[in-house]
Novice: 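I am attaching a structure below and will ask some questions about it afterwards.
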Amino acid sequence: EKGQLEMVNIIAFHPLAPITPRELLIKQIRLNEEFYRKHIIGNDPLPGIFPPEMAFKQSLARLFSELGYKWCIADDKMFVHQRSKMEEHLRAPSTWIPEAYGIGVLLRSRKRSAEIAFEDIWDGRQYAQKLIVGQKEWREKLGHDGASYLYMYLDGETFDHHRPGLLEKFLRPFCEEIAENDGAELVSLNAIYEGFEKKRSCIPHSSWSTGVGDPPFHLWDHPGNEFHRSWNEFIRIAYAMAPTPLPRTYEDLFHRNFYSCSPWQYAMGNKDVARWCLPGFQRIADLYPESWEKMRLQELINIMYSLTT
């Protein structure tokens, strides 16, 4: 109500969107928007969407555009890398917004976000001043006399959970410096979208964690990870064999069990947490009549149990 928070839609049960069936994505996107409208925003605009894990591929932009969104969020690491033969100041967009299938893709700065999350940076005012000077120098290199933008994203838990004291020592002084400095202002993501030129771009598959040389979704769908292979094969078979139209029982189980945390936890070595999805997978497998596919689903469940025991 005070205009201090910007609501951005998400996908209700936190699936990894690039490897989730389109039908389930659409239903979860609409479900989450309905919740927002009923409980939080009413008829206010909801122009942007955040895919879980910042997991992005070009076809998602088409889907988001079809559903009426103006912009989505992704990470800039691989976009910058694919432009590595260009001069450094031309690699990351700062005065324009990449566009795919008619939707703006707002790329967060991996470099600046990671500095706050992981490096020994505590002086919020000094860091804000550094960014303001850096943006000015960037515009000068571009020969650009208008505005530029910098978008950073961090989990809320970064402040005072992973890094105790960061809220008061860094974030509050950072925001105060921006508010007091004539060289910059804090604005909403939608204001950035509305305020800058859009350019059709080829945006590579990526997530918040994708690195150079990695499979794009390496923490969830790594070809060398047996749990990932089994988890993703289970989803493909279970969805392919489900009745059409999708009954509510199947839909609810798919939504609540095909979330991104299980393969990520396995990749992080947290096997006991990765196993949490398996009782739900068993309930899914039990829905199907006897067939080769049902046998395979059970084999995959057994493999995942053996890997997480």
Side-chain angles (χ1 to χ4, degrees), residues 8-36 39 49-57 59-60 63-64 67 72-75 153 155-157 161 205-210 215-223 225-242 246-288 297-298 300-305 307-309:
V8 179
N9 202 20
I10 58 173
I11 306 176
F13 292 93
H14 209 273
L16 196 79
I19 59 176
T20 298
R22 176 186 171 94
E23 176 185 11
L24 300 182
L25 292 179
I26 291 172
K27 290 183 176 181
Q28 290 191 36
I29 290 168
R30 289 174 172 163
L31 180 66
N32 204 76
E33 180 168 346
E34 289 169 5
F35 178 88
Y36 274 8
H39 298 286
I49 185 166
F50 179 101
E53 316 289 6
M54 289 189 177
F56 177 86
K57 65 178 181 179
S59 61
L60 285 178
L63 172 62
F64 297 154
L67 294 176
C72 69
I73 292 167
D75 182 84
Y153 166 88
D155 291 328
E157 66 206 43
H161 176 61
H205 293 17
S206 64
S207 73
W208 66 265
S209 64
T210 308
F217 312 117
H218 65 116
L219 295 180
W220 305 271
D221 189 21
H222 196 296
N225 186 307
E226 189 174 4
F227 184 91
H228 288 184
R229 294 198 306 270
S230 300
W231 190 82
N232 284 293
E233 184 182 349
F234 183 97
I235 292 175
R236 288 193 297 270
I237 294 174
Y239 183 74
M241 295 302 295
L246 192 63
R248 182 61 180 270
T249 302
Y250 288 75
E251 180 182 312
D252 188 61
L253 283 169
F254 289 173
H255 286 335
R256 294 180 184 278
N257 291 284
F258 295 170
Y259 53 86
S260 71
C261 298
S262 296
W264 178 81
Q265 291 286 358
Y266 189 87
M268 294 293 101
N270 302 318
K271 295 182 178 181
D272 55 334
V273 182
R275 193 166 57 244
W276 289 357
C277 69
L278 297 183
F281 276 27
Q282 187 64 63
R283 289 193 290 274
I284 291 170
D286 290 344
L287 293 172
Y288 294 91
L297 291 177
Q298 190 62 58
L300 293 168
I301 292 171
N302 293 342
I303 290 170
M304 285 184 277
Y305 268 120
L307 292 169
T308 56
T309 299

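This structure is a prediction, so every number in the text was calculated from the model and none was measured.
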Novice: Which heavy atom of N32 sits nearest to which heavy atom of I10, and what is that distance?
Specialist: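 Heavy atoms of N32 and I10 come nearest at ND2-CG1, 3.3 Å.
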Novice: If I compare all heavy atoms of A274 with all of F227, which pair ends up nearest, and what's the gap?
Specialist: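 Looking at all heavy atoms of both residues, the closest pair is O-CZ, 3.9 Å.
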Novice: According to side-chain hydrogen bond (donor to acceptor under 3.5 Å, both in side chains), who are the partners of Q282, at least two apart in sequence or on a separate chain?
Specialist: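 Checked Q282 against side-chain hydrogen bond (donor to acceptor under 3.5 Å, both in side chains); matches are D286, Q298.
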Novice: Any side-chain heavy-atom pair from N257 and F234 closer than 4.5 angstrom?
Specialist: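 The answer is no, as the side chains (C-beta and beyond) never meet within the 4.5 Å cut-off.
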Novice: When rounded to the nearest 0.5 angstrom, what distance separates CZ in R236 from CG in L300?
Specialist: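 Between R236 CZ and L300 CG, I get 9.5 Å after rounding to 0.5 Å.
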Novice: Can you tell me which residue pairs pass the salt bridge (charged side-chain N to carboxylate O under 4.0 Å, His left out) test with a partner in residues 274-284, sequence neighbours excluded?
Specialist: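 Sorted result for residues 274-284: empty, none.
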Novice: Kindly indicate, with the supporting measurements, whether the criterion side chain to side chain contact (heavy atoms under 4.5 Å, CB included) is fulfilled by L67 and I49.
Specialist: CA-CA 10 Å; L67 294 176; I49 185 166; over 6 Å; no
Novice: What residues, two or more places apart in sequence or in another chain, satisfy side-chain hydrogen bond (donor to acceptor under 3.5 Å, both in side chains) together with S262?
Specialist: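 So S262 forms no side-chain hydrogen bond (donor to acceptor under 3.5 Å, both in side chains) with any residue.
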Novice: Going by salt bridge (charged side-chain N to carboxylate O under 4.0 Å, His left out), name the residues that satisfy it together with R256, two or more places apart in sequence or in a different chain.
Specialist: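 For R256, the residues satisfying salt bridge (charged side-chain N to carboxylate O under 4.0 Å, His left out) (neighbours in sequence not counted) are D252.
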Novice: Which residues satisfy the ring-ring contact (aromatic ring centres under 6.0 Å, His included) test with H222, sequence neighbours excluded?
Specialist: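 Not a single residue meets the ring-ring contact (aromatic ring centres under 6.0 Å, His included) criterion with H222.
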Novice: How far apart are the C-alpha atoms of W208 and L219, what are their side-chain angles, what is the distance that settles it, and do they pass the side chain to side chain contact (heavy atoms under 4.5 Å, CB included) test?
Specialist: CA-CA 10 Å; W208 66 265; L219 295 180; 4.0 Å; yes
Novice: Could you tell me the separation between the CH2 atom of W220 and the CD atom of E53, rounded to the nearest 0.5 Å?
Specialist: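 The CH2 atom of W220 sits 4.5 Å away from the CD atom of E53.
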Novice: Report the residues that fulfil ring-ring contact (aromatic ring centres under 6.0 Å, His included) with Y259, sequence neighbours left out, ordered by chain and then residue number.
Specialist: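 None.
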Novice: Give, for atom CZ of F281 and atom CH2 of W276, the distance between the pair rounded to the nearest 0.5 Å.
Specialist: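 So the gap between those two atoms works out to 15.0 Å.
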Novice: Who passes salt bridge (charged side-chain N to carboxylate O under 4.0 Å, His left out) against D75, sequence neighbours left out?
Specialist: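 Only R108, R110 meet the salt bridge (charged side-chain N to carboxylate O under 4.0 Å, His left out) criterion with D75.
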Novice: Decide yes or no on side chain to side chain contact (heavy atoms under 4.5 Å, CB included) for I237 and Y288, but give the supporting numbers first.
Specialist: CA-CA 11 Å; I237 294 174; Y288 294 91; over 6 Å; no
Novice: So, H205 side chain and F217 main chain: donor-acceptor pair closer than 3.5 Å or not?
Specialist: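 A pair under 3.5 Å: no.
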Novice: For F50, give me all partners under ring-ring contact (aromatic ring centres under 6.0 Å, His included), at least two apart in sequence or on another chain.
Specialist: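 With neighbours one apart ignored, the set is Y153.
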Novice: Closest approach of M304 and S230, non-hydrogen atoms and distance?
Specialist: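 Minimum heavy-atom contact is CG-CB, 3.7 Å.
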Novice: Is the ring pair F35/H39 parallel, tilted or perpendicular, if the boundaries are 30 and 60 degrees?
Specialist: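 Plane angle between 30° and 60°, so tilted.
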Novice: Is a side-chain N or O of H228 found less than 3.5 angstrom from the main chain of P223, in a donor-acceptor match?
Specialist: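 Looks like no, no N/O pair under 3.5 Å.
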Novice: Could you please spell out the steps behind the side chain to side chain contact (heavy atoms under 4.5 Å, CB included) verdict for W231 and C277?
Specialist: CA-CA 10 Å; W231 190 82; C277 69; 3.9 Å; yes
Novice: For the atom pair CZ (R248) and CD (E251), what is the distance rounded to the nearest 0.5 Å?
Specialist: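 Output value for this atom pair is 6.0 Å.
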Novice: Does N225 have any side-chain hydrogen bond (donor to acceptor under 3.5 Å, both in side chains) partners at least two apart in sequence or in another chain, and if so, which?
Specialist: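 Here no residue qualifies.
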Novice: Working to the nearest 0.5 angstrom, can you tell me the gap between I284 CD1 and Y250 OH?
Specialist: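 I284 CD1 to Y250 OH: 10.0 Å, rounded to 0.5 Å.
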Novice: With a cut-off of 3.5 Å and sequence neighbours excluded, list every side-chain donor-acceptor pair involving residues 13-26.
Specialist:
{"residue": "H14", "atom": "ND1", "partner": "S260", "partner atom": "OG", "Å": "2.8"}
{"residue": "T20", "atom": "OG1", "partner": "L16", "partner atom": "O", "Å": "2.8"}
{"residue": "R22", "atom": "NH2", "partner": "E66", "partner atom": "OE1", "Å": "2.4"}
{"residue": "E23", "atom": "OE1", "partner": "Y239", "partner atom": "OH", "Å": "2.5"}
{"residue": "E23", "atom": "OE2", "partner": "K27", "partner atom": "NZ", "Å": "3.3"}

Novice: Tell me, do R229 and I303 make a side-chain contact under 4.5 Å, heavy atoms counted?
Specialist: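 SC-SC contact between R229 and I303 ruled out.
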Novice: Kindly write out the residues that satisfy side-chain hydrogen bond (donor to acceptor under 3.5 Å, both in side chains) with K57, not counting sequence neighbours, or none if the list is empty.
Specialist: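 By the side-chain hydrogen bond (donor to acceptor under 3.5 Å, both in side chains) rule, K57 matches no residue at all.
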Novice: Would you list the atom pairs, donor with acceptor, under 3.5 Å between side chains in residues 264-273 and any protein atom, with sequence neighbours excluded?
Specialist:
{"residue": "Q265", "atom": "OE1", "partner": "N270", "partner atom": "ND2", "Å": "2.7"}

